[in-house]
Protein chains: 2
Amino acid sequence: METTTAVTQLSAIAQEARLEIFRLLVQAGAEGLPAGSIGEQLKIPASTLSFHLKELTHAGLTSSRQVSRFIYYTANYEAMNTLLAYLTQNCCAGQAVCCPDLNCHPETENNP
Amino acid sequence: METTTAVTQLSAIAQEARLEIFRLLVQAGAEGLPAGSIGEQLKIPASTLSFHLKELTHAGLTSSRQVSRFIYYTANYEAMNTLLAYLTQNCCAGQAVCCPDLNCHPETENNP
DNA sequence: GCATTATTTCCATATTTATGGAAATATAGA
DNA sequence: TCTATATTTCCATAAATATGGAAATAATGC
């Protein structure tokens, strides 16, 4: 992965509103959410939201598809995976303290 | 981890020069590097470097200590670990495609 | 074709961030 | 104390980013 790509993607999520948008889309799963629904839930005006969605999509972290009058946005898991792998390899570089318990599957946590 | 903290730390590394600085410090290990050495290797003017180092340190991603006339900067592995864990948990949320092969210890890769 | 709804683009504005020279500060050695 | 070295702070400037209303575009159903 190019450093430039990493910087672009990090910039995309290095912003309160966009990080929240991305988290919401991750929760939404493969079906994603229409722009309007995102704006409603996060209380973001349409034009501002559109700007942020463009940033995320430009960075390759989200995708969109049209469904009738709605445009559904989805999180691009592969891209996030690649970014995390880049950070782990380049910014932890085998330092054990940096990698041990990433706790990938928290949904299994509260099952006694 | 607070979302605000994540945004601050992501912003810190979402910049070409700072990401390179951080990577260099990760490679440098626990001893770290004096500011001048970083600037020399990355060809960054002193005042600009100082600005970026302040950003990284303010975000908690680096620390500094004075050694005679030099100020040594070190990467804060724990902080990066926490940030990666946050991203994994909040921005992958159990999506298997997002977590499988983070390849934490690449230095063991080429040992057949 | 017209009205309705969803989203984007346009635009002005405000704010933040990045850059680097020059001066200031700090440490150490002669 | 004087000088050299390391780093930071100050400052002006440039560039990028964020915000949201208003208008434009696109899709649907009547």
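By convention in this document, chain letters (A, B, ...) are assigned in the order of the sequence lines, proteins followed by strands, and residues within each chain are numbered from 1. If you're wondering where the values come from, they're calculated on a predicted model, not measured in any experiment.
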- Item | Pair listing, side chain to side chain donor-acceptor pair (under 3.5 Å) test, anchored in residues 55-65 of chain A, at least two apart | Thr57(A)-Thr62(A)
- Specify the residue among Val67(A) and Glu55(A) whose closest nucleotide of DNA chain D lies further upstream toward the 5′ end. Glu55(A)
Show the atom names and distances, to 0.1 Å, of all donor-acceptor pairs under 3.5 Å that link a side chain in residues 31-52 of chain A to residues at least two apart or in another chain.
from     : atom 1 : to       : atom 2 : distance (Å)
Ser37(A) : OG     : Gln41(A) : NE2    : 3.1
His52(A) : ND1    : Arg18(A) : NH1    : 3.1

- Contact string for nucleotides 8-16 of chain C, one letter per nucleotide 5' to 3', B = base within protein heavy-atom range under 4.0 Å, S = sugar-phosphate only, - = neither, reads BB-------
- Message: Show the nearest heavy-atom pair for residues Gly29(B) and Tyr77(B), with the distance to one decimal.
- Response: CA-OH, 3.4 Å
- Query: So which one's nearest nucleotide on DNA chain D is more toward 5', Ile44(A) or Gln66(A)?
  - Reply: Ile44(A)
- Check side chain to side chain donor-acceptor pair (under 3.5 Å) between Thr5(A) and all other residues, then give those that pass, not counting sequence neighbours. none
- Taking the side chain as C-beta and beyond, is there a heavy-atom pair between Leu84(A) and Met80(A) under 4.5 Å? yes
- Message: Can you tell me which residue among Leu61(B), Thr82(B), Thr4(B) is in a side-chain contact (heavy atoms from CB on, under 4.5 Å) with Gln9(B)?
- Response: Leu61(B)
- Task: Within residues 14-22 of chain A, find the residues that approach DNA chain D with a heavy atom at under 4.0 Å, and present them sorted by residue number.
- Result: Gln15(A), Arg18(A)
- side-chain contact (heavy atoms from CB on, under 4.5 Å) involving Ser11(B) - partner list, sequence neighbours excluded: Ala14(A), Val7(B)
- Of the options Glu16(B), Glu20(B), Arg23(B), which is the one that meets Thr3(A) in a side-chain hydrogen bond (donor to acceptor under 3.5 Å, both in side chains)? Arg23(B)
- Note on the structure: By side chain to side chain donor-acceptor pair (under 3.5 Å), Tyr72(B) pairs with (sequence neighbours left out) none
- Item | side-chain contact (heavy atoms from CB on, under 4.5 Å) evaluation trace for Leu56(B) with Ile21(B) | CA-CA 9 Å; Leu56(B) 286 168; Ile21(B) 292 168; 3.7 Å; yes
Under-3.5 Å N/O pairs linking protein and nucleotides 2-5 of chain C:
from   : atom 1 : to       : atom 2 : distance (Å)
dT4(C) : O2     : Arg69(A) : NH1    : 2.7
dT5(C) : O4'    : Arg69(A) : NH1    : 3.4

